[in-house]
Number of protein chains: 2
Amino acid sequence: MHTKNINTHRIEIRDYFMAAISVDCVIFGFDENELKVLLIKSDLKEYKGKPSLLGDIVHPDEDLETAAYRVLRDRTGLENVYMEQVQAFGGINRHPAGRVVTIAFYSLVNIQHSELKTQENELHWHSMKDITDMAFDHKDILDTCYQRLQAKVIDQPVGFNLLPKKFSLRDLQNLYEAILDVKLDRRNFRKKFFAMDYLVDLNEEEKDVRHRPARLYKFNHDKYNLHHKKNLGF
Amino acid sequence: MHTKNINTHRIEIRDYFMAAISVDCVIFGFDENELKVLLIKSDLKEYKGKPSLLGDIVHPDEDLETAAYRVLRDRTGLENVYMEQVQAFGGINRHPAGRVVTIAFYSLVNIQHSELKTQENELHWHSMKDITDMAFDHKDILDTCYQRLQAKVIDQPVGFNLLPKKFSLRDLQNLYEAILDVKLDRRNFRKKFFAMDYLVDLNEEEKDVRHRPARLYKFNHDKYNLHHKKNLGF
DNA sequence: TCAAAAGTGTTAGAGGTACACCCATGG
DNA sequence: CCATGGGTGTACCTCTAACACTTTTGA
């Protein structure tokens, strides 16, 4: 029985086993009507050439979120993006260099605003449906983050973070269809979004399309936090 | 720019900053129609006498879940209980002994089956509504885990784990009312649960109650994973 | 016979789903 | 004028919410 431990008794922390802490960022983007994720090539011999999430060790003076934002900023040039911690992954042999517990985050970025140094280890946007094997346990991390995103967009309007400031309802529907991997009814989709008050009509239209141009909208940030589930399922 | 890191290049892990990894368990129980949580007294001088979650350092040969189950077993004597990882907490100064990143889990146990060594640092079940301040950042961890539990019971039938094998519909409703902190309509509640096929009528009744005895049910584990949201909110 | 909680159905309203036609633009 | 996708309304159905009386037991 371990009745004396770091929560209950004064024990020197250096007497304990120590591990490295890292963060891994699942950076989602949306382009060409597909959900994409930003990956880099791993040079570790165990995973030579396989795609890897963007991550790094957490520094002594950083909390977890700060480290994750640092990774995101260094790789994409983006700040103030939507980010959410998902969970920790701590399998014993998940990293060949030793015990590394990683904390996974996902973030949603406007892919057009990102400024990648793509020559660096082939930093690229990958279509979600093309990703099979990855370095480390990163496929597992990616899958978990993707499921979290799917659950999230159903009850909170976070999807806007993936779109440009001005977008059409078709863009929005394509986004939801891509994230949830379903086909949605156009009329019902529009009805739903107009009923929630998230959309501001910009009185602008698409240009240079060879069909009737769509109206453009922006997201109403003021109403962001007003959407709640109306019933509890009971 | 940190372009060379543990995901992309071979670098010795010992060159990096190391931290201690712990797990903290939010162990929920249900008794006297109240949601309870199992806490212990901290002896650290910084938090002298304040209640603390049950936690411990993760050992070198354990993954995170294994460590959390170990803590749970050592403190309650319980095995095979429902447990879910919630998230990591890694604030820089969250532990006075140094950098300790903790992974929070919550679990749902049948409070009657637990065998506590209650003399050990006053290990006790606390009513959720009586808990104010706690040691470390444990109040924050507890709140986060409680919110996760509330969200979970709404779309999956995990609540059964908190009840004895045989229970009445009143017990079940009391449980949901306690977790969600709402009053529910009795008839609608019964209708809802009978419609899902989770309940098996045991053809038994309560005894020694000074009112009409309630029928007893058990949970149908076979149908556990068949319950899904019927619509996506779209 | 009384107190206490168990058990039971119906109705109105809200929200979800399915579905077809005309409109505006560029080529 | 044609091809392409934009924009719109209605009917049905399911699920939710609100609500009151009778039944069974122990004391």
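Letters A, B, ... mirror the listed sequences (proteins, then strands); counts begin at 1.
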Separation of [X] atom [atom1] from [N] atom [atom2], in whole Å?
{"X": "Arg190(A)", "N": "dG5(D)", "atom1": "CZ", "atom2": "P", "value": "15 Å"}
{"X": "Leu184(B)", "N": "dT16(D)", "atom1": "CG", "atom2": "P", "value": "13 Å"}
{"X": "Arg215(B)", "N": "dT23(D)", "atom1": "CZ", "atom2": "P", "value": "17 Å"}
{"X": "Phe194(B)", "N": "dC15(D)", "atom1": "CZ", "atom2": "C1'", "value": "18 Å"}
{"X": "Phe189(B)", "N": "dA6(C)", "atom1": "CZ", "atom2": "P", "value": "12 Å"}
{"X": "Asp155(B)", "N": "dC15(D)", "atom1": "CG", "atom2": "C1'", "value": "17 Å"}
{"X": "Gln173(B)", "N": "dG7(C)", "atom1": "CD", "atom2": "C1'", "value": "12 Å"}
{"X": "Lys191(B)", "N": "dT16(D)", "atom1": "NZ", "atom2": "C1'", "value": "8 Å"}

Taking atom types as they are modelled, would you say the side chain of [X] forms a donor-acceptor pair with the base of [N] within the 3.5 Å cutoff?
{"X": "Lys192(A)", "N": "dT17(C)", "result": "no"}
{"X": "Arg187(B)", "N": "dA20(D)", "result": "yes"}
{"X": "Arg186(B)", "N": "dG7(C)", "result": "yes"}

For Leu216(B) and for Asp185(A), locate the closest nucleotide of DNA chain C by heavy-atom distance; then report the residue assigned to the nucleotide nearer the 5' terminus. Leu216(B)

Once you round to the nearest 0.5 Å, how far does OG of Ser107(B) lie from CD1 of Ile27(B)?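 One gets 4.5 Å once the value is rounded to the nearest 0.5 Å.
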
Gap separating the NZ atom of Lys218(A) from the CG atom of Leu163(A), nearest 0.5 angstrom: 15.0 Å

Any donor-acceptor pair under 3.5 Å linking the side chain of Thr102(B) with the backbone of Ser22(B)?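 Side chain of Thr102(B) to backbone of Ser22(B), a donor-acceptor pair under 3.5 Å: yes, one is there.
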
Do side-chain atoms of Gln85(B) reach the backbone of Glu65(B) as a donor and acceptor pair under 3.5 angstrom?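 Absent.
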
List in numerical order all residues of residues 204-214 of chain A for which some heavy atom is under 4.0 Å away from an atom belonging to DNA chain C. Val209(A), Arg210(A), His211(A), Arg212(A), Pro213(A)

NZ/Lys41(B): more than 12 non-hydrogen atoms of other groups inside 6.0 Å: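 Enclosed.
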
Taking atom CG of Asp130(B) as the centre, does the number of heavy atoms from other residues, nucleotides or ligands within less than 6.0 Å exceed 12?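 Counting neighbours around CG of Asp130(B), more than 12 heavy atoms of other residues, nucleotides or ligands fall under 6.0 Å, so yes.
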
Geometric class of the Phe219(A)/Phe160(A) ring pair [parallel <30°, tilted 30-60°, perpendicular >60°]: parallel

